[in-house]
Amino acid sequence: QEALVQVTEALEKIAAQGKELTEEELESKVMVALSAHLAKVEQFMLAPDMVDTFVNWSEKPSGEDLVSPKVRACDKIIQEHINSGNTDKIMVTAYLKVGSIHFMRHSRFANQFVRYTAGDLAVIKQYKENPNVLGLVADATSMKRGQNLQMTGKMLALSAPWAPGD
């Protein structure tokens with residue numbers, strides 16, 4: 001609700017300037033205003049237990065309320081992958097760092113995954129070589145290039161990139 005109020009206020013300010021702006025300038029201002037607030041909504045959807053205003057809400061959310069439905073959807077896909085007998089590894093990415101942290105806190109399969117952060121080549125080696133490691137969880141921005149991960153048979157994205165070209 002807080003993000004909605006802030007977006008509405010930002011759009012009202014932009015609308016007041018609307019007659020003075022070209023269509024391109026107006027679109028740019030709207031995108032900038034929305035991006036900051038939509039990022040908060042994305043973080044809430046990705047990792048509700050890491051959003052202070054939700055965790056400290058008077059309704060006292062607990063249990064599954066604090067787990068992203070995206071993690072549960074990934075768990076379902078991972079279980080189907082295992083049940084199919086497929087032995088390929090799985091990579092789970094999140095555009096926001098809180099997504100990979102949240103996945104490792106709440107996925108039923110976290111104990112079979114390793115979490116990669118930029119430059120941690122030991123984790124990549126473990127993912128590639130350890131048959132007991134089912135998957136790799138990574139921040140998408142840290143995985144842009146440099147690794148051959150052809151053993152990956154399934155990629156799951158917890159969130160989409162917000163920047164053009166990503």
With rounding to the nearest 0.5 angstrom, report the CD to OH distance, Gln43 to Tyr95.
13.5 Å

Set of residues satisfying side-chain contact (heavy atoms from CB on, under 4.5 Å) with respect to Ile82, sequence neighbours excluded
Ile78, Gln79, Phe109, Leu134

Partner residues of Lys76 under the side-chain contact (heavy atoms from CB on, under 4.5 Å) criterion, sequence neighbours left out
Glu80

For the student: nearest non-hydrogen atoms of Ser107 and Asp75, plus distance:
OG-OD1, 2.5 Å

Can you name the side chain to side chain donor-acceptor pair (under 3.5 Å) partners of Ser100, sequence neighbours left out?
Arg115, Asp139

Are any non-hydrogen side-chain atoms of Leu156 and Ile77 less than 4.5 angstrom apart?
yes

Flag, side chain of Thr152 to backbone of Lys154, donor-acceptor distance under 3.5 Å
no

Partners meeting salt bridge (charged side-chain N to carboxylate O under 4.0 Å, His left out) with Lys125 (sequence neighbours left out):
Glu129

Taking only residues two or more places apart in sequence or in another chain, which ones pass ring-ring contact (aromatic ring centres under 6.0 Å, His included) with His81?
none

Which residues pass the side-chain contact (heavy atoms from CB on, under 4.5 Å) test with Met151, sequence neighbours left out?
Lys89, Tyr127, Lys128, Leu149

Could you list the donor-acceptor pairs under 3.5 angstrom formed between side-chain atoms of residues 61-71 and any protein atom two or more places apart in sequence or on another chain?
from, atom 1, to, atom 2, distance (Å)
Glu64, OE1, Arg72, NE, 3.1
Glu64, OE2, Arg72, NH2, 3.0
Ser68, OG, Met45, O, 2.6
Ser68, OG, Lys70, N, 3.0
Lys70, NZ, Glu42, OE2, 3.3
Lys70, NZ, Leu158, O, 3.1

Note, Leu46 side chain near His102 side chain (heavy atom, < 4.5 Å):
no

Side chain to side chain contact (heavy atoms under 4.5 Å, CB included) assessment of Val137 paired with Thr93
CA-CA 6 Å; Val137 181; Thr93 62; over 6 Å; no

side-chain contact (heavy atoms from CB on, under 4.5 Å) against Asp120, all qualifying residues, sequence neighbours excluded:
Tyr116, Thr117, Ala122, Val123

Heavy-atom closest pair (Ile101 atom, Met50 atom, distance to 0.1 Å) is CG2-CE, 4.0 Å

Could you list all the salt bridge (Lys or Arg N to Asp or Glu O under 4.0 Å) pairs where at least one residue sits in residues 98-107, not counting sequence neighbours?
Asp49-Arg105

